[in-house]
Engineer: 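The structure that follows is given in the form of structure tokens.
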Amino acid sequence: MTTGPLPREQRVEAIRAALVAALAPDSVDVEDESHRHAGHAGAADGRGHFRVDIVSRAFEAMSPIARHRAVYAAMGELMTTDIHALAIRARTPDEVARAG
């Protein structure tokens, strides 16, 4: 059942909450980049462009594609109602520690 899009000011928190619930991240940063895509054909439907940087042990032993799929799965209905584009950086805590 589609509930329709959220008000724009609630989207970042809804994305963050969905990621926390599904992937128990050590950290998650969500940025609304919709303003950078004003006039873009994909923005015409009202859905937004977002960037996610997430660090979670859930990604251990997952390929980069599997990590992205896990993030998309966590988004659920938001992908059809609120998100037009989602840039993802998904890392494990060990990868972050090695990067310094």
Engineer: Are the side chain of R51 and the backbone of E31 linked by a donor-acceptor contact shorter than 3.5 Å?
Structural biologist: no

Engineer: Show your reasoning for whether side-chain contact (heavy atoms from CB on, under 4.5 Å) applies to Y72 and L78.
Structural biologist: CA-CA 9 Å; Y72 283 122; L78 290 169; over 6 Å; no

Engineer: So does E13 pair up with R8, basic N to acidic O under 4.0 Å?
Structural biologist: no

Engineer: Could you give the distance from CZ (R91) to CD1 (I54), rounded to the nearest 0.5 Å?
Structural biologist: 10.5 Å

Engineer: Assess the residue pair H49 and I83 against the criterion (side-chain contact (heavy atoms from CB on, under 4.5 Å)); give the C-alpha distance rounded to whole Å, side-chain angles, the decisive distance to 0.1 Å, and a yes or no.
Structural biologist: CA-CA 6 Å; H49 291 69; I83 301 170; over 6 Å; no

Engineer: Search all heavy atoms of T92 against all heavy atoms of R67 and return the closest pair with its distance.
Structural biologist: CG2-NH2, 3.6 Å

Engineer: Does the side chain of D32 pick up a donor-acceptor pair with the side chain of S34 at under 3.5 Å?
Structural biologist: yes

Engineer: How far apart are the closest heavy atoms of R47 and T81, and which atoms are they?
Structural biologist: CG-O, 3.5 Å

Engineer: Taking all heavy atoms of F50 and all of V12, pick out the closest pair and write down the distance.
Structural biologist: CE2-CG2, 4.1 Å

Engineer: Donor-acceptor check, side chain of D82 to backbone of L6, threshold 3.5 angstrom: yes or no?
Structural biologist: yes

Engineer: Considering non-hydrogen atoms only, spot the tightest contact between G48 and R11 and give its length.
Structural biologist: N-NH1, 3.6 Å

Engineer: Please name all residues satisfying side chain to side chain contact (heavy atoms under 4.5 Å, CB included) with D26, sequence neighbours left out, ordered by chain then number.
Structural biologist: V55, P93

Engineer: Passes salt bridge (charged side-chain N to carboxylate O under 4.0 Å, His left out), D53 versus R89? Steps please.
Structural biologist: CA-CA 5 Å; D53 188 347; R89 183 177 187 193; 3.7 Å; yes

Engineer: Salt bridge (charged side-chain N to carboxylate O under 4.0 Å, His left out) with R69: which residues, sequence neighbours excluded?
Structural biologist: none

Engineer: Would you name the heavy atoms of S56 and P25 that are closest together and state the gap between them?
Structural biologist: CB-CA, 3.8 Å

Engineer: Going from CE on M75 to OG1 on T80, what distance comes out if it is rounded to the nearest 0.5 angstrom?
Structural biologist: 12.0 Å

Engineer: What distance separates E60 CD from M62 CE, expressed to the nearest 0.5 Å?
Structural biologist: 10.0 Å

Engineer: Verify the cluster assignment for V96 and V30: are they in a single hydrophobic cluster under the rule of side-chain heavy atoms below 4.5 Å apart?
Structural biologist: no

